[in-house]
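Working notes, beginning with the structure itself.
Both ligands and their constituent atoms are indexed starting at 1 by order of listing.
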Amino acid sequence: MKHFFLRSLIALSLILVVFWGMQSCKPKGAQSAVSGDAAEKAYVAPGKYDEFYDFVSGGFSGQMSVYGLPSGRLFRVIPVFSVDPEKGYGYSEETKAMLNTSHGFVPWDDLHHIALSETNGIQDGRWVFGNGNNTPRIARVDLKTFRTAEIIEIPNSAGNHSSPFITENSEYVVAGTRFSVPMDNSNGDVPISSYKQNFKGTVSFIHIDTSGRMNIAFQILLPGVNFDLARAGKGKSHGWVFFSCYNSEKANTLLEVNASQKDKDFILCVNWKKAEEYVKAGKAQKRSVAYAHNIYDENKHMATSEIEKEVLMLDPKDCPDMVYLMPCPKSPHGCDTDPTGEYIVGSGKLAATIPVFSFTKIQKAIADKNFDGDYDGIPVLKYEAVLHGEVQKPGLGPLHTEFDDNGNAYTSFFISSEIVKWNVKDLKVLDRVPTYYSVGHLSVPGGPTRKPWGKYVIAYNKITKDRYLPTGPELAQSAQLYDISGDKMKLILDFPTIGEPHYAEAIPAELISKNSQKIYKIEDNQNPYAAKGDKYARVERKGNEVHVYITAIRSHFNPDNIEGVKLGDIVYFHVTNLEQDWDIPHGFAVKGANNAELLIMPGETQTLAWKPERTGVFPIYCTDFCSALHQEMQGYIRVSTAGSNVPMIWSMGKNAAPIAENK
Ligand code: K7E
Ligand code: CUA
């Protein structure tokens, strides 16, 4: 009965939303697009788990967020490229180094694409990678802990957009530069009008070892175009990566017009197995560069940042048979390979058809030297020779394509606001559904892999308009979930998202949940500032640095009364959480600190730096509701004048020995 009530409530709210939508006079069909059993299909009852984790890029929030599907419930925001006061990320002394770059501390980025690690072309649930678009970086998040484990900066790049797409055994993630720029080892101080002479593009191959550790294996020097997106080959095309590019006009101003002149731009085909051979044969040049490589050590609970100085650069001039260009109509955006690896789908965002290329035909055209001349010395394959066919009249403004496990493709159309389902072999359009509105990326669970899990397609829309209650000048970012288990796609849920989502990848929950870490073992804690028990709690002065080694356990800090700090001191609170139970973090904050809180996981040590700017007694407290007596988890720290002779004393549970001046 209760169940019935709940469903009626959901149905009623759907009707209300639709009614409200009608009033604001939006395209027809918004109501009929929702089928009767929609609420049931997306409904995950209280206490039940979702079937998939959905890792969604946070766009200009610089973060990644994790949702459950089909419910659309938000589980976690993982801080990656942006500071996050909720978790102390980028604020604690231990995490600051994660955001170091060759430009110094960069506390923000623009994260567009997600890549889940794969084994044999199937998602394996070990890591998820994300790209920093603005200050070129790639991050690796460990899916045992849902924490950013590593960030590597990409030199000779600006606007790391076609990134971080992954090869089928997680050999590499790739990074193509969006902006062509003067190379890092040159005098970059050149007139912008010398674009055609001085600006170059690169694509980078970042190797991943079995522990997940990244290193830049090599870069390839390319003409000064804009690289946009990429996908690795799989199955028969394993060993290749395909990058879409636009601005083959090499314009450096008003690209809106000047980069849309030519009928066709390109998809770059890179044979990375060949590239590996050239690197081995010593064909790569060493280039001096500077880029940051940041690693979070899980035992030390601490990040380190190193500036690396060299990169290997391959020039196609010295490396025949390594790269080819494939003409692709009108400023391609998405460039996606189907589960068999035979078909490569280009999506010209200004084109009226979707070209589908055949890997077999590409190989034949290369063998037959069936070229249409060259572009800056790189052979251009004949369009007709490599084309499998074109999807006719699919819609307006194709952007991205994903695949199901039945030989179908799903393409997003930004301008005509729809998802179109078509058959990869015969290129026939099978179905179309509207999106609300202007869909960018879409994603099918496992959709970029050799084994799509299918079941749903999720649209990540650019415009929300009337879908949610208004929230001032900016509306909620919107995602929509469609059931694709039948012949017809069915809209079953709208859910708001964080930042501006671009790409997302979903994976069966089981592949991750079984490995989820519960605590950090206190005996493995190698943080040099850890206090692994009450007997280590103490305060030490080193010049004007005061180090407070403080322990946290339900429901007190030790020490919780501290005196003897003077103006001009910097106080480092090294807080060790002694708990060894799942889901018992403690928080730590101090009044007036120009900083965020710390959030310390069980068994972990984190450090907050505080420079008091006035004398007085400052409260400290736990910010995470950890027990019935959480509100009692508090203390005081006294700050005296610079010249004072208040001795350094600390205590917990009793008053420190009375001192004459304490009247
Ligand atoms: Cu939004 Cu992948 Cu940056 Cu297309 S990109 S939408
Ligand atoms: Cu510890 Cu609240």
What are the atoms of ligand 1, with element, lying closer than 4.0 Å to any heavy atom of [X]?
X    : result
H113 : 2 (Cu), 3 (Cu), 5 (S)
H441 : 1 (Cu), 2 (Cu), 4 (Cu), 5 (S), 6 (S)
G440 : 6 (S)
L229 : 2 (Cu)
H333 : 4 (Cu), 5 (S), 6 (S)

Practice problem: Using a cut-off of strictly less than 2.8 Å, determine whether H112 has an N/O/S atom near atom 4 (Cu) of ligand 1. | Solution: no
Quiz item: Just by modelled atom types, is the T401 backbone N or O under 3.5 Å from a matching donor or acceptor in the D336 side chain?
Solution: yes
Practice problem: Answer yes or no: is there a donor N or O on one side and an acceptor on the other, between the side chain of D84 and the main chain of Q63, under 3.5 Å? | Solution: no
Practice problem: Would you mind naming the N, O or S atom of H502 nearest to atom 1 (Cu) of ligand 1? | Solution: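 For H502, the N, O or S atom at the smallest distance from atom 1 (Cu) of ligand 1 is ND1.
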Is there a donor-acceptor contact under 3.5 Å linking the side chains of [X] and [Y]?
X    : Y    : value
Y437 : D466 : yes
N133 : N160 : no
E94  : T607 : yes

Quiz item: Heavy-atom contacts under 4.0 Å between N133 and ligand 1: side chain, backbone, both, or neither?
Solution: neither
Exercise. Taking only Lys NZ, Arg NE, NH1 and NH2, and the carboxylate oxygens of Asp or Glu, determine whether D581 and R554 approach each other closer than 4.0 Å.
Key: yes
Self-check item: F495 and Y67 aromatic centres sub-6.0 Å
Solution: yes
Self-check item: Within-shell test, E500 vs ligand 1, heavy atom, strictly < 4.0 Å
Solution: no
